[in-house]
Amino acid sequence: MNPTAPVSRARYSAFTKEEITHAFSNLVELDVNLASAGASRQDIDLIWGAVLTRYLTLVKFAGYGNVRSSGRVQTPTLALIVARERERLAFVPEDYWVIKGAFDAAEKTGPTSGEGALAFEAPHATARFKDEAQAKAAMAAVEGATSAKVLSIEKRSRKQQPPVPFNTTSLMTAASAEGLSPARTMRLAESLYMDGLISYPRVDNTVYPSSLDLKDCVRTISKVPQYAPTCKALLSQPKLTATRGKQETTDHPPIYPTGAADPEKLQPAA
(Lines give C-alpha, C1' and ligand atoms only; values in the text may rest on other atoms or scores of the structure.)
Protein backbone atom coordinates (compact mmCIF):
# COMPACT_ATOMS: atom_id res chain seq x y z
CA MET A 1 0.00 0.00 0.00
CA ASN A 2 1.37 3.38 -1.01
CA PRO A 3 0.88 5.85 1.91
CA THR A 4 1.40 8.81 -0.45
CA ALA A 5 -1.28 7.76 -2.96
CA PRO A 6 -4.03 10.36 -3.43
CA VAL A 7 -7.22 9.52 -1.57
CA SER A 8 -10.69 11.03 -2.03
CA ARG A 9 -13.86 10.48 -0.07
CA ALA A 10 -17.48 10.11 -1.10
CA ARG A 11 -19.64 11.67 1.61
CA TYR A 12 -23.34 10.84 1.69
CA SER A 13 -25.97 10.63 4.43
CA ALA A 14 -28.83 8.80 2.71
CA PHE A 15 -29.27 5.51 0.86
CA THR A 16 -30.78 7.00 -2.27
CA LYS A 17 -29.52 6.76 -5.84
CA GLU A 18 -29.40 10.54 -6.20
CA GLU A 19 -27.44 11.06 -2.99
CA ILE A 20 -24.87 8.35 -3.70
CA THR A 21 -24.48 9.38 -7.36
CA HIS A 22 -23.95 12.98 -6.28
CA ALA A 23 -21.37 11.90 -3.68
CA PHE A 24 -19.27 9.91 -6.17
CA SER A 25 -19.58 12.66 -8.75
CA ASN A 26 -18.34 15.22 -6.23
CA LEU A 27 -15.55 13.50 -4.32
CA VAL A 28 -13.97 15.53 -1.53
CA GLU A 29 -10.44 15.59 -0.22
CA LEU A 30 -9.76 13.24 2.68
CA ASP A 31 -9.94 15.03 6.03
CA VAL A 32 -7.06 13.57 8.03
CA ASN A 33 -8.47 14.89 11.30
CA LEU A 34 -11.80 13.16 10.71
CA ALA A 35 -10.00 9.94 9.73
CA SER A 36 -7.89 10.13 12.88
CA ALA A 37 -10.99 10.72 14.98
CA GLY A 38 -12.57 7.61 13.48
CA ALA A 39 -9.45 5.57 14.18
CA SER A 40 -9.41 6.83 17.77
CA ARG A 41 -13.03 5.82 18.28
CA GLN A 42 -12.18 2.38 16.92
CA ASP A 43 -9.31 2.01 19.39
CA ILE A 44 -11.46 3.18 22.32
CA ASP A 45 -14.26 0.81 21.28
CA LEU A 46 -11.75 -2.05 21.39
CA ILE A 47 -9.97 -1.08 24.62
CA TRP A 48 -12.95 0.17 26.60
CA GLY A 49 -15.76 -1.77 24.98
CA ALA A 50 -14.63 -5.17 23.78
CA VAL A 51 -11.79 -5.80 26.26
CA LEU A 52 -13.57 -4.48 29.36
CA THR A 53 -16.81 -6.24 28.43
CA ARG A 54 -14.85 -9.47 28.08
CA TYR A 55 -13.30 -8.90 31.51
CA LEU A 56 -16.69 -8.24 33.10
CA THR A 57 -18.03 -11.43 31.51
CA LEU A 58 -15.17 -13.49 32.95
CA VAL A 59 -15.79 -11.91 36.35
CA LYS A 60 -19.42 -13.03 36.13
CA PHE A 61 -18.43 -16.62 35.38
CA ALA A 62 -15.99 -16.48 38.27
CA GLY A 63 -19.03 -16.05 40.48
CA TYR A 64 -19.18 -12.28 40.97
CA GLY A 65 -22.34 -10.35 40.11
CA ASN A 66 -24.28 -10.41 36.86
CA VAL A 67 -23.18 -10.16 33.24
CA ARG A 68 -22.37 -6.53 32.44
CA SER A 69 -21.15 -4.79 29.33
CA SER A 70 -19.14 -1.61 28.86
CA GLY A 71 -18.79 0.81 25.98
CA ARG A 72 -17.48 4.20 24.88
CA VAL A 73 -20.99 5.67 24.69
CA GLN A 74 -22.91 3.26 26.88
CA THR A 75 -20.91 3.70 30.09
CA PRO A 76 -20.95 7.54 30.32
CA THR A 77 -24.66 7.46 29.42
CA LEU A 78 -25.30 4.95 32.19
CA ALA A 79 -23.45 7.25 34.61
CA LEU A 80 -25.81 10.12 33.67
CA ILE A 81 -28.84 7.88 34.22
CA VAL A 82 -27.54 6.72 37.61
CA ALA A 83 -26.90 10.32 38.72
CA ARG A 84 -30.42 11.33 37.66
CA GLU A 85 -31.94 8.32 39.44
CA ARG A 86 -30.10 9.22 42.63
CA GLU A 87 -31.56 12.74 42.40
CA ARG A 88 -35.02 11.26 41.97
CA LEU A 89 -34.63 8.94 44.96
CA ALA A 90 -33.30 11.78 47.11
CA PHE A 91 -36.25 14.04 46.27
CA VAL A 92 -38.47 14.77 49.27
CA PRO A 93 -42.06 15.65 48.22
CA GLU A 94 -43.78 18.57 49.94
CA ASP A 95 -47.51 19.12 50.39
CA TYR A 96 -49.01 22.22 48.84
CA TRP A 97 -52.48 23.63 48.22
CA VAL A 98 -53.90 25.19 45.04
CA ILE A 99 -57.01 27.36 45.02
CA LYS A 100 -59.01 28.00 41.87
CA GLY A 101 -62.33 29.69 41.28
CA ALA A 102 -64.87 28.38 38.76
CA PHE A 103 -67.00 31.06 37.11
CA ASP A 104 -69.89 31.01 34.68
CA ALA A 105 -72.31 33.53 33.12
CA ALA A 106 -75.47 32.46 34.89
CA GLU A 107 -76.75 36.03 35.50
CA LYS A 108 -76.54 36.96 31.81
CA THR A 109 -76.07 40.66 32.54
CA GLY A 110 -73.63 43.29 31.37
CA PRO A 111 -71.75 43.73 28.10
CA THR A 112 -70.27 40.23 28.29
CA SER A 113 -73.55 38.42 28.92
CA GLY A 114 -75.43 36.24 26.50
CA GLU A 115 -74.04 33.73 24.03
CA GLY A 116 -70.56 35.29 24.09
CA ALA A 117 -70.07 34.74 27.84
CA LEU A 118 -68.05 31.63 28.63
CA ALA A 119 -67.37 29.65 31.79
CA PHE A 120 -63.76 29.82 32.94
CA GLU A 121 -61.41 29.10 35.84
CA ALA A 122 -59.14 31.59 37.56
CA PRO A 123 -56.28 30.66 39.91
CA HIS A 124 -55.53 32.45 43.15
CA ALA A 125 -52.81 35.12 43.01
CA THR A 126 -50.68 32.70 45.07
CA ALA A 127 -50.13 29.80 42.71
CA ARG A 128 -49.21 27.33 45.45
CA PHE A 129 -49.80 27.61 49.18
CA LYS A 130 -47.17 25.74 51.15
CA ASP A 131 -48.88 26.57 54.44
CA GLU A 132 -52.25 24.93 55.00
CA ALA A 133 -53.42 27.65 57.38
CA GLN A 134 -52.84 30.34 54.75
CA ALA A 135 -54.73 28.27 52.17
CA LYS A 136 -57.67 27.87 54.54
CA ALA A 137 -57.65 31.59 55.28
CA ALA A 138 -57.79 32.37 51.57
CA MET A 139 -60.72 29.98 51.16
CA ALA A 140 -62.52 31.48 54.16
CA ALA A 141 -62.27 34.95 52.59
CA VAL A 142 -64.39 33.89 49.63
CA GLU A 143 -66.52 31.20 51.24
CA GLY A 144 -70.17 31.66 50.47
CA ALA A 145 -69.56 34.17 47.66
CA THR A 146 -72.02 33.79 44.79
CA SER A 147 -70.67 36.38 42.39
CA ALA A 148 -67.44 37.99 41.28
CA LYS A 149 -66.50 40.98 39.19
CA VAL A 150 -63.89 41.06 36.42
CA LEU A 151 -61.81 44.17 37.06
CA SER A 152 -59.53 44.02 34.03
CA ILE A 153 -58.78 41.98 30.96
CA GLU A 154 -55.31 41.63 29.45
CA LYS A 155 -54.65 40.33 25.98
CA ARG A 156 -51.24 39.10 24.90
CA SER A 157 -49.91 37.75 21.64
CA ARG A 158 -47.18 35.16 21.50
CA LYS A 159 -45.17 34.21 18.46
CA GLN A 160 -44.40 30.52 18.20
CA GLN A 161 -41.24 29.78 16.28
CA PRO A 162 -41.28 26.88 13.80
CA PRO A 163 -39.52 23.73 15.04
CA VAL A 164 -35.81 23.30 14.36
CA PRO A 165 -34.56 20.36 12.28
CA PHE A 166 -34.55 16.95 13.92
CA ASN A 167 -31.40 15.43 15.35
CA THR A 168 -31.38 12.14 17.24
CA THR A 169 -32.23 13.67 20.61
CA SER A 170 -35.12 15.85 19.43
CA LEU A 171 -36.48 12.97 17.32
CA MET A 172 -36.63 10.71 20.38
CA THR A 173 -38.18 13.49 22.45
CA ALA A 174 -40.95 14.04 19.90
CA ALA A 175 -41.52 10.29 19.57
CA SER A 176 -41.68 9.89 23.35
CA ALA A 177 -44.52 12.43 23.45
CA GLU A 178 -46.42 10.05 21.14
CA GLY A 179 -45.75 7.04 23.38
CA LEU A 180 -42.74 5.54 21.56
CA SER A 181 -39.74 4.43 23.58
CA PRO A 182 -36.26 5.66 22.53
CA ALA A 183 -35.21 2.11 21.58
CA ARG A 184 -38.24 1.56 19.33
CA THR A 185 -37.86 5.05 17.86
CA MET A 186 -34.30 4.31 16.77
CA ARG A 187 -35.27 0.91 15.36
CA LEU A 188 -37.95 2.60 13.26
CA ALA A 189 -35.59 5.40 12.20
CA GLU A 190 -32.87 2.94 11.16
CA SER A 191 -35.43 0.92 9.22
CA LEU A 192 -36.58 4.06 7.36
CA TYR A 193 -32.94 4.95 6.70
CA MET A 194 -32.11 1.52 5.29
CA ASP A 195 -35.19 1.77 3.04
CA GLY A 196 -33.95 5.11 1.67
CA LEU A 197 -36.78 7.14 3.19
CA ILE A 198 -34.83 9.36 5.60
CA SER A 199 -31.24 10.47 6.00
CA TYR A 200 -28.82 9.06 8.57
CA PRO A 201 -30.67 9.23 11.93
CA ARG A 202 -27.76 9.25 14.40
CA VAL A 203 -26.72 12.90 14.32
CA ASP A 204 -26.22 15.87 16.63
CA ASN A 205 -26.52 18.50 13.90
CA THR A 206 -29.55 20.82 13.78
CA VAL A 207 -28.42 23.06 10.90
CA TYR A 208 -28.99 22.04 7.28
CA PRO A 209 -26.00 22.58 4.99
CA SER A 210 -26.37 25.12 2.20
CA SER A 211 -25.81 22.32 -0.32
CA LEU A 212 -29.10 20.63 0.61
CA ASP A 213 -31.77 21.31 -2.02
CA LEU A 214 -34.83 22.12 0.09
CA LYS A 215 -37.21 22.34 -2.85
CA ASP A 216 -36.07 18.94 -4.04
CA CYS A 217 -36.91 17.51 -0.61
CA VAL A 218 -40.37 19.04 -0.79
CA ARG A 219 -40.87 17.71 -4.33
CA THR A 220 -40.00 14.25 -3.07
CA ILE A 221 -42.62 14.18 -0.32
CA SER A 222 -45.19 15.95 -2.54
CA LYS A 223 -45.75 12.53 -4.12
CA VAL A 224 -47.57 11.51 -0.92
CA PRO A 225 -51.25 12.52 -1.36
CA GLN A 226 -51.65 13.67 2.25
CA TYR A 227 -48.76 16.13 1.92
CA ALA A 228 -49.40 17.32 -1.64
CA PRO A 229 -51.43 20.50 -0.83
CA THR A 230 -48.86 21.77 1.69
CA CYS A 231 -45.98 20.92 -0.61
CA LYS A 232 -47.65 22.73 -3.50
CA ALA A 233 -47.95 25.87 -1.39
CA LEU A 234 -44.29 25.66 -0.38
CA LEU A 235 -43.05 25.06 -3.91
CA SER A 236 -44.96 28.13 -5.11
CA GLN A 237 -42.69 30.33 -3.01
CA PRO A 238 -39.65 31.82 -4.75
CA LYS A 239 -37.29 30.62 -2.03
CA LEU A 240 -37.37 28.21 0.90
CA THR A 241 -35.33 28.93 4.00
CA ALA A 242 -34.84 26.19 6.56
CA THR A 243 -35.00 26.80 10.28
CA ARG A 244 -31.79 26.50 12.27
CA GLY A 245 -30.99 24.94 15.61
CA LYS A 246 -28.13 25.74 17.97
CA GLN A 247 -26.04 22.63 17.30
CA GLU A 248 -24.02 22.71 14.08
CA THR A 249 -21.63 19.92 13.13
CA THR A 250 -20.08 18.78 9.86
CA ASP A 251 -20.58 15.01 10.10
CA HIS A 252 -24.14 14.56 8.82
CA PRO A 253 -27.06 16.91 8.16
CA PRO A 254 -30.13 16.90 10.42
CA ILE A 255 -32.66 14.16 9.69
CA TYR A 256 -34.67 14.93 6.56
CA PRO A 257 -36.93 12.91 4.21
CA THR A 258 -35.19 11.34 1.23
CA GLY A 259 -38.12 9.34 -0.13
CA ALA A 260 -41.89 9.54 -0.46
CA ALA A 261 -42.97 7.70 2.68
CA ASP A 262 -46.71 7.20 2.23
CA PRO A 263 -48.21 6.19 5.62
CA GLU A 264 -50.84 4.14 3.78
CA LYS A 265 -48.21 2.03 2.02
CA LEU A 266 -45.57 1.55 4.74
CA GLN A 267 -45.36 -1.92 6.25
CA PRO A 268 -46.14 -2.22 9.96
CA ALA A 269 -43.00 -2.20 12.09
CA ALA A 270 -42.32 -4.50 15.01
Side-chain angles (χ1 to χ4, degrees), residues 6-42 44-45 72-73 77 159-177 182 185-224 226-228 230-263 266:
V7 177
S8 297
R9 183 182 180 186
R11 297 188 62 177
Y12 53 90
S13 301
F15 279 148
T16 64
K17 178 181 178 181
E18 294 77 11
E19 180 89 1
I20 295 175
T21 300
H22 180 270
F24 278 90
S25 300
N26 297 272
L27 297 175
V28 297
E29 184 178 350
L30 178 66
D31 189 325
V32 177
N33 291 331
L34 284 178
S36 299
S40 299
R41 289 196 297 271
Q42 186 178 35
I44 296 172
D45 284 338
R72 170 176 56 87
V73 177
T77 303
K159 184 177 181 180
Q160 184 174 351
Q161 298 295 333
V164 301
F166 269 148
N167 62 6
T168 305
T169 302
S170 57
L171 170 65
M172 290 193 292
T173 300
S176 178
T185 298
M186 290 315 299
R187 286 198 302 271
L188 294 172
E190 288 169 1
S191 175
L192 292 171
Y193 168 63
M194 295 303 295
D195 288 341
L197 297 175
I198 64 171
S199 61
Y200 188 61
R202 295 186 179 274
V203 295
D204 294 323
N205 198 0
T206 57
V207 178
Y208 288 124
S210 57
S211 58
L212 181 64
D213 190 335
L214 297 175
K215 284 203 170 186
D216 187 57
C217 293
V218 176
R219 289 190 194 96
T220 298
I221 61 176
S222 67
K223 300 173 185 176
V224 181
Q226 298 93 316
Y227 310 147
T230 301
C231 292
K232 183 178 180 180
L234 290 172
L235 292 172
S236 66
Q237 299 181 17
K239 181 181 179 181
L240 296 180
T241 302
T243 58
R244 295 171 59 92
K246 295 180 180 180
Q247 293 176 273
E248 185 172 9
T249 61
T250 58
D251 50 356
H252 294 282
I255 305 169
Y256 67 94
T258 56
D262 189 337
L266 291 176

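Numbering starts at 1 and runs along the sequence shown. Computed from a predicted structure; not experimentally measured.
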Report the C-alpha separation of Lys215 and Leu235 in whole Å, then their side-chain angles, then the decisive distance to 0.1 Å, and conclude whether the side-chain contact (heavy atoms from CB on, under 4.5 Å) test is met.
CA-CA 7 Å; Lys215 284 203 170 186; Leu235 292 172; 4.1 Å; yes
Would you sort out whether His252 and Arg202 count as a side-chain contact (heavy atoms from CB on, under 4.5 Å), showing the intermediate values?
CA-CA 9 Å; His252 294 282; Arg202 295 186 179 274; over 6 Å; no
Going through the distances and angles, do Arg11 and Leu34 end up as a side-chain contact (heavy atoms from CB on, under 4.5 Å)?
CA-CA 12 Å; Arg11 297 188 62 177; Leu34 284 178; 4.3 Å; yes
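In terms of the side chain to side chain contact (heavy atoms under 4.5 Å, CB included) criterion, residue partners of Asp45 (sequence neighbours excluded) are, by chain and number, Arg72. In this structure, the side chain to side chain contact (heavy atoms under 4.5 Å, CB included) partners of Gln237, at least two apart in sequence or on a different chain, are Leu234, Leu240. Every residue meeting the side chain to side chain contact (heavy atoms under 4.5 Å, CB included) condition with Val207, not counting sequence neighbours, appears here in chain and number order: Asn205, Arg244, Glu248. With sequence neighbours excluded, the residues forming a side chain to side chain contact (heavy atoms under 4.5 Å, CB included) with Leu212 are Tyr208, Pro209, Leu214, Cys217, Tyr256, listed by chain and number.
Distance check, rounded to the nearest 0.5 Å: OH of Tyr193 to CE of Met186 gives 11.5 Å. Taken from CG in Asp31 to OG in Ser36, the straight-line distance is 8.5 Å, to the nearest 0.5 Å.
Scanning both residues, Ala261 and Tyr227, for their nearest heavy atoms gives O-CE1, 4.2 Å. Closest approach of Pro254 and Val203 over heavy atoms only: CA-CG2, 4.3 Å. Between Ser222 and Ala228, the shortest heavy-atom contact is O-CB, 3.7 Å. Considering every non-hydrogen atom in both Ile221 and Pro257, the closest pair reads CG2-CB, 3.7 Å. Nearest heavy atom pair, residue Pro201 against residue Ile198, reads CB-CD1, 4.4 Å. The two residues Gly196 and Thr258 have their closest heavy-atom pair at O-OG1, 2.9 Å.
Under the 4.5 Å side-chain criterion, counting only non-hydrogen atoms from C-beta, Asp195 is not in contact with Leu266. In this structure, Ser8 and Glu29 have side chains that are not in contact, with every pair of non-hydrogen atoms separated by 4.5 Å or more. For the pair Ile255/Pro165, no side-chain contact is recorded, criterion being any heavy-atom separation below 4.5 Å from C-beta on.
Residue pairs meeting the side chain to side chain donor-acceptor pair (under 3.5 Å) criterion with at least one partner in residues 165-176, sequence neighbours excluded, are Asn167-Ser170, Asn167-Gln247. The ring-ring contact (aromatic ring centres under 6.0 Å, His included) contacts involving residues 21-42 comprise nothing, where partners must be two or more places apart or lie in separate chains.
No donor-acceptor distance shorter than 3.5 angstrom exists from the side chain of Thr220 to the backbone of Gly259, with no hydrogens or angles considered. No donor-acceptor pair under 3.5 Å is formed between the side chain of Ser191 and the backbone N or O of Arg187.
More than 12 heavy atoms of other residues, nucleotides or ligands shown are found within 6.0 angstrom of CD on Gln226.
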